[in-house]
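Accompanying notes for the structure given below.
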2 protein chains.
Amino acid sequence: MRSSLAEQQETMEAGAAALQPPSVRQQAVLDAVLALMVEGGEQLTMDAVARRASCSKETLYKWYGDRDGLLTATVQWQASRVHAGREAVQALDGTTLREHLQDFAVSWLTVITSRTSVALNRIAVAHAGSRKSNLGGIVLANGRFAIGERVKPVLEAGRAAGLLAFADSEAAFRTFFGLVGRDIQIRLLLGEALDLDADEIRRDAGRAVDQFLALYGQAKA
Amino acid sequence: MRSSLAEQQETMEAGAAALQPPSVRQQAVLDAVLALMVEGGEQLTMDAVARRASCSKETLYKWYGDRDGLLTATVQWQASRVHAGREAVQALDGTTLREHLQDFAVSWLTVITSRTSVALNRIAVAHAGSRKSNLGGIVLANGRFAIGERVKPVLEAGRAAGLLAFADSEAAFRTFFGLVGRDIQIRLLLGEALDLDADEIRRDAGRAVDQFLALYGQAKA
DNA sequence: CCAGTACCGTACCGTACGGTACGCTCGATA
DNA sequence: TATCGAGCGTACCGTACGGTACGGTACTGG
């Protein structure tokens with residue numbers, strides 16, 4: 001008996017890339033799930049997914065094992081296309097450092113304010129309450145922690161170039177994270193409307209970067 | 001026909017104080033709900049609540065109208081005992097300003113890391129997804145916004161005393177909020193263990209206050 | 001002592017939803 | 001053309017849970 005996708009995932013760590021990427025048809029199913037999550041009008045039931053994806057429930061169960069498996073696959077599918085590869089960090093000067101940080105801040109704000117992210121995080125948070133199949137862990141691994149791992153090398157390169165001063169890059173990153181996100185994510189998750197356009201995001205990101213550099217920058221920056 | 005508590009609440013704005021505080025027995029019921037939320041082992045069903053509170057389901061429905069009414073009342077009950085009254089802000093010097101900010105930071109961190117807050121926020125976030133009865137709004141009003149309204153006068157007093165410099169107290173508060181909370185709340189909501197003891201909270205708060213003062217403090221501070 | 005009220009405990013109802021079974025179609029392979 | 005597997009649509013099952021009904025009990029006011 002061929003092992004189902006669900007069984008396959010069980011042995012994996014949260015957030016690891018899927019061993020076997022979903023087929024095109026499977027991607028369409030997962031996109032249907034995302035669409036339903038985002039619209040939110042309808043309950044996210046297996047029937048609704050099947051109807052939306054024009055597939056049978058039996059297929060859903062064959063592919064994903066159970067409802068949790070489907071949700072997990074959806075979260076991973078979304079995660080798989082969010083973060084691009086990490087580019088190598090070469091020598092930095094003050095300007096490029098600032099640009100890098102600005103880019104991170106903008107893309108992070110863009111992600112967390114997107115309807116998809118809000119919907120997905122809501123599901124994951126709700127799920128984290130009732131244990132079993134840690135969607136929360138996957139979301140954290142691909143969100144907060146993934147960006148941390150991408151930002152920290154930049155911070156360290158900044159320090160190596162004498163532009164930044166800090167002892168612990170993790171702590172420095174967390175401060176950056178706080179300055180960028182502030183109360184935005186929790187307000188969105190709790191249902192506030194609060195939509196930022198690209199301009200506001202850029203300004204917000206700029207302010208956060210300025211503040212971060214004010215706290216951690218060396219004279220040279 | 002006497003209007004039920006649920007109907008009574010409908011006409012109120014999110015987060016306003018209850019017109020008629022719950023009776024002692026009703027408080028016990030709401031505490032039972034909170035206890036169930038925090039333990040999380042059991043599903044939060046009306047049956048479970050009735051069993052835990054040793055009351056009949058019929059009574060629950062009489063008092064609260066429906067499940068949402070019960071949840072709403074629970075959130076408001078918890079909110080009602082979280083925030084103490086706002087003390088008047090008198091003249092500030094650098095030391096007392098720092099103390100005030102430190103107190104806010106400590107109490108905010110203590111709240112958001114408490115199991116009760118995490119459980120309640122999870123419920124509210126989940127609820128915010130499916131519209132109807134805005135628990136999210138209530139939680140926001142009594143959490144994030146309530147503390148904002150308490151902190152901003154202190155910031156303004158600090159500015160009046162020449163200790164702080166900022167144009168917009170809301171923006172300054174949001175920075176403070178971000179520096180204090182960082183990634184803590186979202187990590188907890190998404191299920192990370194991450195328990196801070198009182199010492200860590202105090203250190204964290206101190207760091208946040210230092211950073212805030214570094215950004216907004218005037219020479220005098 | 002009697003009515004009325006509040007409320008507990010429990011049984012019950014309806015339905016929504018997770019999960020399964022099955023018949024049918026369609027495309028691929030021999 | 002016959003066979004087969006993948007997968008769609010639909011019907012079905014069991015159960016959990018929101019909500020209601022009702023009998024029994026204890027307390028209160030007359």
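In what follows, every chain begins at residue 1, and chains take the letters A, B, ... in the order their sequences are listed. Small disclaimer: the values here were computed from a predicted structure and weren't measured.
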Measure the distance from [atom1] on [X] to [atom2] on [N] and round it to the nearest whole Å.
{"X": "A/Gln26", "N": "D/dC8", "atom1": "CD", "atom2": "P", "value": "11 Å"}
{"X": "A/Gln43", "N": "C/dC17", "atom1": "CD", "atom2": "P", "value": "6 Å"}
{"X": "A/Leu70", "N": "C/dG18", "atom1": "CG", "atom2": "C1'", "value": "12 Å"}
{"X": "B/Asp66", "N": "C/dT15", "atom1": "CG", "atom2": "P", "value": "18 Å"}
{"X": "A/Asp47", "N": "C/dT20", "atom1": "CG", "atom2": "P", "value": "14 Å"}
{"X": "A/Tyr61", "N": "C/dT20", "atom1": "OH", "atom2": "P", "value": "7 Å"}
{"X": "B/Arg67", "N": "D/dG18", "atom1": "CZ", "atom2": "P", "value": "5 Å"}
{"X": "A/Met46", "N": "D/dC8", "atom1": "CE", "atom2": "P", "value": "13 Å"}

Check: A/Thr116/A/Gln78 side-chain N/O donor and acceptor closer than 3.5 Å: no

Donor-acceptor pair between A/Ser117 and A/Ser114 side chains, under 3.5 angstrom: no

What protein N or O atoms touch nucleotides 7-9 of chain C N or O atoms at under 3.5 angstrom, if any, and at what distances?
| unit_1 | atom_1 | unit_2 | atom_2 | d |
| --- | --- | --- | --- | --- |
| C/dC8 | OP1 | B/Arg25 | NE | 3.2 |
| C/dC8 | OP1 | B/Arg25 | NH2 | 3.0 |
| C/dC8 | OP2 | B/Ser56 | N | 3.2 |
| C/dC8 | OP2 | B/Thr59 | OG1 | 2.9 |

Applying ring pair (Phe, Tyr, Trp, His ring centres under 6.0 Å), can you list everything that pairs with A/Tyr216, at least two apart in sequence or on another chain? A/Phe212

Can you name the nearest heavy-atom pair linking A/Val125 to B/Arg122, along with the distance? O-CD, 3.2 Å

Any Lys/Arg nitrogen of B/Lys152 or B/Asp168 sitting under 4.0 Å from an Asp/Glu carboxylate oxygen of the other? no

If the condition is side-chain hydrogen bond (donor to acceptor under 3.5 Å, both in side chains), which residues does B/Ser80 pass it with, not counting sequence neighbours? none

